[in-house]
Structures are given as C-alpha cells and as structure tokens.
Amino acid sequence: MSGTFTKAMARNIFYGGTVFFFLLFLALTFDTTNALPKTDNRQNITPAVAAGKHIWETRNCIGCHTLLGEGAYYAPELGNVYVRRGPEFIKAWIVSQPTGAPGRRQMPNFHLSDEEIDQLIAFLKYTSEIGNQNWPPNIEG
Amino acid sequence: MKYQSQAVALPYFVAAIGLFVGQILFGLVMGLQYVVGDFLFPEIPFNVARMVHTNLLIVWLLFGFMGAAYYLVPEESETELYCPRLALALFWVFLAAGALTILGYLLVDYATLAKYTGNDVLATMGREFLEQPLLTKIGIVVVALAFLFNITMTVLKGRKTSITVVLLLGLWGLAIFFLFSFYNPTNLVLDKFYWWWVVHLWVEGVWELIMAALLAFVLIKVTGVDREVIDKWLYVIIALALVTGIIGTGHHYYWIGAPGYWQWWGSIFSALEPIPFFAMTVFAFNMVNRRRREHPNKAAVLWALGTGVMAFLGAGVWGFLHTLAPVNYYTHGSQITAAHGHMAFYGAYVMVVITIISYAMPILRGRACNSRKAQVLEMWSFWLMTIAMVFITLFLTAAGILQVWLQRISDSPMPFMAVQGQVSLFYWLREISGVIFLIGLIAYLVSFFVKDGDKPATT
C-alpha cells in the first residue's frame, strides 16, 4: 500500500463499487423476474401444489433431503423423484416408513392422510417440471 | 477495560461459547447417524439434529457479533454505551427465545410446532436455516432492531471511526436482509431466489463487513499499527468482498429454474470471491509483522492469524473448487458442499468470534491477558480444533468426489443410498475428526479456568 493510495480512495471504491454492483444485481433480478414465467412452471401451481409445499415445509423434509440440490445431504434428491420413482412408489414409500432395518437410515412416519400424500406428490410433480438447465445430470439425482 | 458499559459483552460471550458446545454435540450425533442410520431414532431424527446444529451455530454467532459490538463500540466511540440496561435485557430475551426454540425443535413434533406458532398465518418455516417458528423470527427482528438502536446511538454520540462505520453497515445489513425470511411464495423458484437474499447476502456479503471490522479492531489492539493503515486495508477488503460477493449470489441460481445467464455472472464473479479472503490473510500477517508492540495475549494473535488463513482456505479455496457452473453441475448438493460449508463457517465466522473473545475476555475479567499456562492451553485448543476441521473437510471432500463419480459421472450411475454405503469409510473418519474437534473444544473451555501462580504479563 503505497502513499499515493489513500484511505479516502479506498473508502470511495468501497461505496461506489457496492452501490454499482448492488444496482446491477437489482437490474439482473428485475430481468430474471420477467423471464421466470418461461421456466418456473407457475402455470401448474394448483391449490394441491400449494398445499403440498406447505406439507413439505411443515414436515421439515429439507432437513434430510435436497430439493433441486439444496437442503441436507442425508437422503436422496427429491426434485426429480417424481420422474425417478413415479407417484405410486412415492405413496407406498411414505406410508411404509420407518423401515426399522437395523443400522439403516430411518425416515419418520408423518401420519399423512391420503389427500395430504396426493398433495405432496402434486408438489413434487410440479417441482420436477421446473426448467432448471437439465440438472441433475442423471435420474439418480 | 476502558468503559464500564463494555462489561455487558461478557454474558454474550459466555452464552456464545455455551451454545457452541451444544452445536458440536449435535454435530457429533449427526455424524454418527451418517454411518449408524438408526442412532437415536426416533427420539432425535436426523432432520431435528441438523436443525439444532445449524440454528445453534447461527444463534451463537449472533451472540458473538452482538457481544463484540458491545465491547468494541464504546471503546472505538470513546463513550459509554447508550443504554447498558437495554443490552442486558436483550441478552435475556434473546437467550430465552433461543432456548425455547431449540427445546421446541427437540420436544415438539415440527408440524405441531408450526401449527401453534402461527405458521398457518404466515408460512415461513421448513426452509433450510430458516426453520425458526414465526414467533422466533419476529423475536429476532425485535432484538436486532433494539440492539441496532443501542449501538447506533452510541456511535452517533461518540467518535466515528472506520471500524464502527463498517461494523454498523454490516449489522444493519444483517437485520435488513433477514427480512426476506418472511417472504415465502408458493412458487418454488421465487422462494429459492429470495431465500438466498438472506443466506448468501449474509455469509458472502454483510457478515464479511462484520468480520473485517472485528479483525481490524483486534489487529489495531494487538499490533499497535497505525489506524490509517488498518483502515485502508479494511476498506479495500470489504470493497473486494461486496464487488465480488453481490453478483456472486448468481452461483446459487444455476439449477433452481432461473435464467441460464446466471451461469456466466455467477461463475465469473464468484471465482473472484477468494480475493477478499486472500487479502484478509495478507492483511493479518502483514500487520502482525509490522507490529509496534509485543502484545502479551499471544493466543488472540494466533486466532487472528488463523482466521485469515482458514477463511481463505474454507470460504475461498473450497468455495472456488465447486463454484464454476460446469463443475457445479456435477457437485451441486453433494458432500463437496458440506465440506465447503464446514470449513468456511469455521474459518471465517467461528474463528473471528473466538478471536475477539480471546482478546476481550481477559480484559473483561480484569487483566490484559491470561496466564502463560492458560494461553498455552488455549493455543492447544486452537490447533486441535483447526486441524480437526481441516481433516473433517478433507474427508468430506473425498466422500464428495467419490459420491459425484459413482452417482453422477460413471457410465452406470448408482442410486443415492447405494453410494452412501460405498463412501461410509470417509464418514467414519469424519466422525473421528469430530471427536478430536470436541477434545479441542473441551481444552478451550478448560483454558478459562486455568489458575496459575504464573502472573499475567501487564502492558
């Protein structure tokens, strides 16, 4: 840090840079907001999907699973589970938990009604149809 | 200590350390559940342990930040705290809210907790790191605003320094961006997009301002280097942090349904994110090398240097490893992410909070530094915890590389759970490293109680 580069200059770079790049971020956010209807599958958000998302959240599914790669890494990715397993398998899986197999990772039973399970599956179906640059690389998630 | 009201920092630091211990214990539970899947099931399922582990981390770091502010701001502003009694009252409110929340996670079924805390009125729960009930979230906002009022008033009535200005900017940013935790649209893409406005703009944005300000304060104190020099470094570092970090948010927008151009913005800007952390390392070593005094608190100097190095490795290097979009396509949501998360949080935020505690705690207890024996033990704890964290990161990285290969790259991709079985050796090694970390943490706790005839050096 030579004598010609002063503290005032450093401070101005900080304020100027922050304001500039935050405004750029807002501009990109604005553009993204306009572009999202093409990819985010909002036309398929039904009351069942909304109810399913609420069930997903209130059972803290994200505490073990990832959804579009975000969450915990203890249990399989569920963003594409609808495609990987199909609705019948998912339903049968949820009602048969926990397996109780000794030493194996256990998923709790959440005592969901048939309707609630259908709503959760509707949410997972909607999620699997979000256009997300073809992630994950293959069906295993 | 120069000002009487700095003493309110003490309970904050004690609470921070206590919750840190809880965080590590739950981390060990989870680490074991990775290999002995039914451990503590159904009493403490993995998702509950994880919620406790991550939420305790956030809460104890917030305790640390607040304690640091209460210690630092009066000294920098050269005036007593605006209202010490408010600070003490907020301590109990925040501690009670935090304890009730954690007990709620452990003792009440999560769906029931949601139902009775207003989640049906405004659904905010069940999203990673933002699992807190609505009432807790409102409590956090109230405590944060009252805290900011107290700190801001103190700064306004006293001397304004670069350190307090930067610290205030960081703390206000922390409170403002937390407000996005109340926005939870049904549209999952929008939900995720703005979820990162809390998570990323915290840890790769405004928290870096707080971290840099705390580090700068401790470096001024322990090195005696001229404030003008330190301030200049401080502004350069935080300029680099925000210039790279704000658009760097884009590295979370690759695969969640946002437009493809985020792969370019995210890759380019987040590839530059290691630079501010590297600058922080150079800064810390440079200032210590140019020191004009030998501060007797060697442990605090060690933590300050360690923060720079480990933040650069964890946040910088391990972040860069998987931040470029073509790489992230394969590593996203794998154990690589977990490896990075552990070392980054430890290196940047855990260590900077311990740095300020290490510097301030002896003074709050009426001496310039601890006895030599206590400091030696504290330095042992530094090395044990830091080396253990390096190994945790290395083992998780090894697990992650194998996982990515077996599950996502190989010609015959294996299912998730089959892969988990294949990499379990590394999970065992991670758990052993975790036990070493706990031993280091115990040594750290004991260092506060070392009584020794060896008199503390005075300055």
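Quick note on labels: first sequence line is chain A, next is B, and so on, each numbered from 1.
- With a 4.5 Å cut-off on non-hydrogen atoms, B:Leu40 does not touch chain A at all.
- Of the two parts of A:Thr29, the backbone and the side chain both hold a non-hydrogen atom closer than 4.5 Å to a non-hydrogen atom of chain B.
- Interface residue B:Val165: only side-chain heavy atoms are found under 4.5 Å from chain A.
- Using a 30° and 60° split on the angle between ring planes, A:Phe14 and B:Tyr235 fall in the tilted class, from 30° to 60°.
- What you find for B:Leu188 and A:Tyr126 is that their closest heavy atoms are N-OH, 2.9 Å.
- Only the side chain of B:Gln263 comes within less than 4.5 Å of a heavy atom in chain A; its backbone stays farther off.
- Proximity to chain A is absent for every atom of B:Tyr105, based on heavy atoms less than 4.5 angstrom apart.
- Both the backbone and the side chain of B:Gln33 come within contact range of chain A, with heavy atoms under 4.5 Å apart.
- Of the atoms belonging to B:Tyr427, it is side-chain heavy atoms, and not backbone ones, that fall under 4.5 Å from chain A.
- Looking at heavy atoms from C-beta onward, A:Thr39 lies out of side-chain contact with B:Val189 at the 4.5 angstrom threshold.
- Ring geometry, B:Phe193 versus A:Phe25: the interplanar angle falls under 30°, so the pair is classed parallel (tilted spans 30 to 60°).
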| query | For B:Tyr253 and A:Thr32, what are the C-alpha separation, side-chain angles and deciding distance, and is it a side chain to side chain donor-acceptor pair (under 3.5 Å)? | reply | CA-CA 10 Å; B:Tyr253 294 162; A:Thr32 295; over 6 Å; no
| message | Run the salt bridge (charged side-chain N to carboxylate O under 4.0 Å, His left out) test on B:Lys192 and A:Glu70 for me, step by step, so that the C-alpha distance in whole Å, both residues' side-chain angles and the decisive distance to 0.1 Å come before the verdict. | response | CA-CA 9 Å; B:Lys192 284 176 174 289; A:Glu70 292 167 0; 3.0 Å; yes
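- Residue contact with chain B, scored on non-hydrogen atoms closer than 4.5 Å, involves the side chain of A:Asn138 exclusively.
- Judged by distance alone, the side chain of A:Asn132 and the main-chain N or O of B:Ile256 form no donor-acceptor pair under 3.5 Å.
- Side-chain atoms of A:Thr66 never come within 3.5 Å of backbone atoms of B:Gly333 as a donor-acceptor pair (strictly under, hydrogens ignored).
- No part of A:Ile139 comes within reach of chain B, as not one of its non-hydrogen atoms sits under 4.5 angstrom from that chain.
- Remark: the B:Asp120 side chain and the A:His54 side chain contain an N/O donor-acceptor pair separated by less than 3.5 Å.
- If you measure heavy-atom distances from B:Ala114 to chain A, the contacts under 4.5 Å come from the side chain alone.
- The main-chain N or O of A:Phe5 is found under 3.5 Å from a side-chain atom of B:Lys232 such that the two form a donor-acceptor pair.
- Heavy atoms closer than 4.5 Å to chain A are found in the side chain of B:Phe269, but not in its backbone.
- B:Leu201 touches chain A through its side chain: at least one heavy atom from C-beta onward sits under 4.5 Å away, while N, CA, C and O do not.
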| request: Take A:Asp31 and B:Tyr261 through the test side chain to side chain donor-acceptor pair (under 3.5 Å) and record every step on the way to the result. | output: CA-CA 11 Å; A:Asp31 186 75; B:Tyr261 58 66; 2.7 Å; yes
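- In summary, B:Asp191 and A:Lys53 engage in a salt bridge, as defined by a charged side-chain N under 4.0 Å from a carboxylate O.
- Neither the backbone nor the side chain of B:Phe129 comes within contact range of chain A; no heavy atoms are under 4.5 Å apart.
- Heavy-atom distances place no part of B:Leu113 under 4.5 Å from chain A, backbone and side chain included.
- For B:Thr54, no part sits under 4.5 Å from any heavy atom of chain A, backbone or side chain.
- Proximity to chain A involves both the backbone and the side chain of B:Tyr329, based on heavy atoms less than 4.5 angstrom apart.
- B:Asn119 and A:Glu57 share no side-chain donor-acceptor pair at under 3.5 Å.
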